[in-house]
Amino acid sequence: ASDDDVHKVAQLKSRKRQALMMGGAEKINRQHNAGRMTARERIKFLTDNGTFRETGLLAHSDRPEDQGSTPADGKITGYAEVESRPVHIGADDVTTKAGAYGRIGSSKAHKEVAYAIKKGYPIINLGDAGGGRIPDVMGSVGIMNIGLPTDKPPRDRKVPYIATIMGDCFGGPSFYAATADIVVQVKGAIMAVTGAPVLEAATGEKVTPEELGGWELHSKKTGLVDLFATDDQHCLALVKKTLSYLPSNYQQLPPYVTPDDSKDRRIPEIYEMVPVSSRRGYDMRRIVEKIFDGQSLLELKPHYDRSLITSFARLDGYVVGVLANNPMFNAGAMGWGACEKATSFIALCDSFHIPLIFLHDTPGFFVSKAAEENKMPLRIMQFFEALHHATVPKIALILRKSYGMAHFNMLGGNMNADSFLAWPTADIS
């Protein structure tokens, strides 16, 4: 090789090394001291060993003054395998400009997401970023080159989309999460449109970051997040577990797992677990755990309107979606939150060929002034319409009581159930 060729190869190797160092040792240590992994460590932990193939490693800001300080332009993208399944991964590098989204990084991410959808690969976004990078988005040229063209949607439910909230996430990663099928948030991380200092400066309102977008807000009040993790490793383990219930794309069926227990097993103890008196509460989770394959439940939004359980499960090894009234909370009377999570869960299951199983024990919908203020009639009908549009197999079982409009929303009479069952003691009215 000529001296010029040798120089070019050496230059390429040097640029790769610099890019892989991200924002430098000091910022990496800061991330570690906060008890968090770097973007590259998260990708390595999540993916099968040696399978990650990065795209756009040598990308950087198109602003000359930032070219040397924006490795991969703060957005690491590529393809890998997770438990031998191809996936697309995008990860925010918080050590580079606080992970803030620049023009090049955003363009790279949008391009790769479009390609993943075309190839039928699940999309995973590891969020840890502080919104848009101000110099990149200022002015007409900046703001008009940062968005996503409307003729190129990030997804249209052809592939599963999982988003994580793993740091202080504002703007971009929160918007990614808001449109994802499943969202996992690490406790201590924040998901919001903007940060508390910006809010105070703009409106005078003073709040803590946790009040603005902490895990307790999203678990109990907004319902925007499905699963919650104690740390980065737990979060990534939940991403893997979630993927195990979903096909790679809408043209495939969910993964089958050989069950440990017999499909012919009997569970006579279930009769003692449901009180005869309709006024006595009980935890429907215990019933669901008995019916479905052992250790197969993955409940989504577990703290959001607990009158309704929405959970992935397996039945004889096959993935199913379970909607079950829980009399332990509001006697199983569903509120607007339960309607919201039922609607999104039905749409998710129907998109990826997951049969639906409904377990009734409800005195009706939970009505109140607050319910009406939260558009209860609309929430009920959105739930109702999602059910009507669902094309997957649907089975309903009435355990104890099933009253009012809630009877129909839980796949009651004349709702085109493939199989509609009831215990001999069922009370329907």
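Computed from a predicted model, the values in this text were never measured in an experiment. Numbers here simply count residues along the sequence, with the first being 1.
- When the side chain to side chain donor-acceptor pair (under 3.5 Å) test is applied to S429, no partner is found at least two apart in sequence or on another chain.
- No donor-acceptor pair closer than 3.5 Å links the side chain of T96 to the backbone N or O of G74.
- Note that CE of M376 is 9.5 Å distant from CG of N374, once rounded to the nearest 0.5 Å.
- Considering CG of L126 and OG1 of T38, their distance stands at 11.0 Å, rounded to 0.5 Å.
- With sequence neighbours left out, N249 forms a side chain to side chain donor-acceptor pair (under 3.5 Å) with no residue at all.
- Checked by atom type and distance alone, the side chain of N326 pairs as donor or acceptor with a backbone atom of M284 at under 3.5 Å.
- Residues I291 and I270 meet the side-chain proximity criterion, which asks for heavy atoms closer than 4.5 Å.
- Rounded to the nearest 0.5 Å, atoms CZ (F420) and CD1 (I395) are 12.5 Å apart.
- Note that R40 lies outside the cation-pi zone of F52, set by a 6.0 Å cut-off to the ring centre and a 45° limit from the axis.
- Residues passing the salt bridge (Lys or Arg N to Asp or Glu O under 4.0 Å) test with E373 are K369, sequence neighbours excluded.
- Contact annotation: the side chain of V207 never approaches that of E200 to less than 4.5 Å [non-hydrogen atoms, C-beta and beyond].
- At distances below 3.5 Å, at least one donor-acceptor pair connects side-chain atoms of T203 with backbone N or O atoms of E205.
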When the side chains of residues 358-368 are checked against the rest of the protein, which donor-acceptor pairs come out under 3.5 Å, sequence neighbours left out?
from : atom 1 : to   : atom 2 : distance (Å)
H360 : ND1    : S402 : OG     : 2.7
H360 : NE2    : M410 : O      : 2.6
D361 : OD1    : K401 : NZ     : 2.9
D361 : OD2    : Y282 : OH     : 2.5
D361 : OD2    : R400 : NE     : 3.0
T362 : OG1    : G332 : O      : 2.9
T362 : OG1    : G364 : N      : 3.1
T362 : OG1    : G364 : O      : 3.1
S368 : OG     : A370 : N      : 3.4
S368 : OG     : A371 : N      : 3.0

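- D181 places a side-chain N or O within donor-acceptor distance of the main-chain N or O of Y161, the cut-off being under 3.5 Å.
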(request) Start with the C-alpha distance between E299 and V288, add both sets of side-chain angles, then the distance that settles side-chain contact (heavy atoms from CB on, under 4.5 Å), and finish with yes or no. (result) CA-CA 11 Å; E299 185 177 354; V288 174; over 6 Å; no
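- By the 4.5 Å heavy-atom criterion applied to side chains, V183 and I165 are counted as neighbours.
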(request) Under the ring-ring contact (aromatic ring centres under 6.0 Å, His included) rule, what do F292 and Y318 come out as? Steps first, then yes or no, please. (result) CA-CA 10 Å; F292 299 96; Y318 293 95; over 10 Å; no
(message) Using side-chain contact (heavy atoms from CB on, under 4.5 Å), reason through T164 and V186 one step at a time and then give a plain yes or no.
(response) CA-CA 8 Å; T164 67; V186 177; over 6 Å; no
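- A distance of 4.0 Å separates CD1 of I162 from CG of L243, quoted to the nearest 0.5 Å.
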(request) Would you please test W336 and K375 for side-chain contact (heavy atoms from CB on, under 4.5 Å) and show each step? (result) CA-CA 8 Å; W336 68 87; K375 301 178 281 191; over 6 Å; no
Using residues 250-258 as the side-chain source, report each donor-acceptor pair under 3.5 Å to any protein atom, sequence neighbours left out, with the distance given to one decimal.
none

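- Looking at every heavy atom in both residues, S307 comes nearest to G335 through OG-N, 3.9 Å.
- Under the ring-ring contact (aromatic ring centres under 6.0 Å, His included) criterion, the residue pairs touching residues 192-223 are W215-F228, with sequence neighbours excluded.
- Sorted by first then second residue, the ring-ring contact (aromatic ring centres under 6.0 Å, His included) pairs that include residues 122-142, not counting sequence neighbours, number zero.
- Of all the heavy atoms in A342 and L323, the pair that sits closest is CB-CD2, 3.8 Å.
- S106 places no side-chain N or O within donor-acceptor distance of the main-chain N or O of Y101, the cut-off being under 3.5 Å.
- Within the model, atoms CE of M328 and CG of D283 stand 5.0 Å from one another, a figure rounded to the nearest 0.5 Å.
- Side chain of R306 to main chain of F329: no donor-acceptor pair is present (N/O by atom type, distance under 3.5 Å, no hydrogens or angles).
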(message) Pair Y79, E54 - check side-chain hydrogen bond (donor to acceptor under 3.5 Å, both in side chains), show working.
(response) CA-CA 6 Å; Y79 300 86; E54 186 168 351; over 6 Å; no
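- Looking at S61 and D136, their side chains come closer than 4.5 Å, going by heavy atoms from C-beta outward.
- In this structure, S219 contributes its side chain and H303 its backbone to no donor-acceptor pair below 3.5 Å.
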(request) Could you please spell out the steps behind the side-chain contact (heavy atoms from CB on, under 4.5 Å) verdict for L297 and R285? (result) CA-CA 10 Å; L297 300 183; R285 287 184 182 85; over 6 Å; no
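- Applying the salt bridge (charged side-chain N to carboxylate O under 4.0 Å, His left out) test to pairs two or more places apart or on separate chains, those with a residue in residues 286-295 are E269-K290.
- With a 4.5 Å cut-off on side-chain heavy atoms, V87 and L46 do not count as touching.
- Residues in residues 219-248 take part in these salt bridge (charged side-chain N to carboxylate O under 4.0 Å, His left out) pairs, two or more places apart or across chains: R42-D232, E216-K220, D226-K301.
- Sorted by first then second residue, the salt bridge (charged side-chain N to carboxylate O under 4.0 Å, His left out) pairs that include residues 76-94, not counting sequence neighbours, are K75-D92.
- Within the 3.5 Å criterion, the main-chain N or O of A72 finds no donor-acceptor partner in the side chain of H60.
- D168 places no side-chain N or O within donor-acceptor distance of the main-chain N or O of A129, the cut-off being under 3.5 Å.
- Although no hydrogens or angles enter the test, the distance criterion places a donor-acceptor pair under 3.5 Å between the side chain of S174 and the main chain of C169.
- Contacts classified as salt bridge (charged side-chain N to carboxylate O under 4.0 Å, His left out) and involving residues 321-347 (residues at least two apart or in different chains) are given here: E340-R379.
- A 4.5 Å side-chain heavy-atom check between L315 and K263 finds every atom pair outside the cut-off.
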(request) Could you walk me through whether Y403 and D427 pass the side-chain hydrogen bond (donor to acceptor under 3.5 Å, both in side chains) test, one step at a time? (result) CA-CA 8 Å; Y403 295 167; D427 182 7; 2.4 Å; yes
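- Taking the centre of each ring, F175 and F170 stay at or above the 6.0 Å mark.
- Looking at I124 and V239, their side chains come closer than 4.5 Å, going by heavy atoms from C-beta outward.
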Under 3.5 Å, which donor-acceptor pairs do the side chains of residues 114-123 form with other protein atoms, sequence neighbours left out?
none

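- Salt-bridge check for D73 with R103: failed, with every basic side-chain N at 4.0 Å or more from each acidic carboxylate O.
- If you take CG on L217 and CD on Q185, they are separated by 8.5 Å, rounding to the nearest 0.5 Å.
- More than 12 heavy atoms of other residues, nucleotides or ligands shown are found within 6.0 angstrom of CE on M273.
- The side-chain heavy atoms of L356 and V320, taken from C-beta on, include no pair separated by under 4.5 Å.
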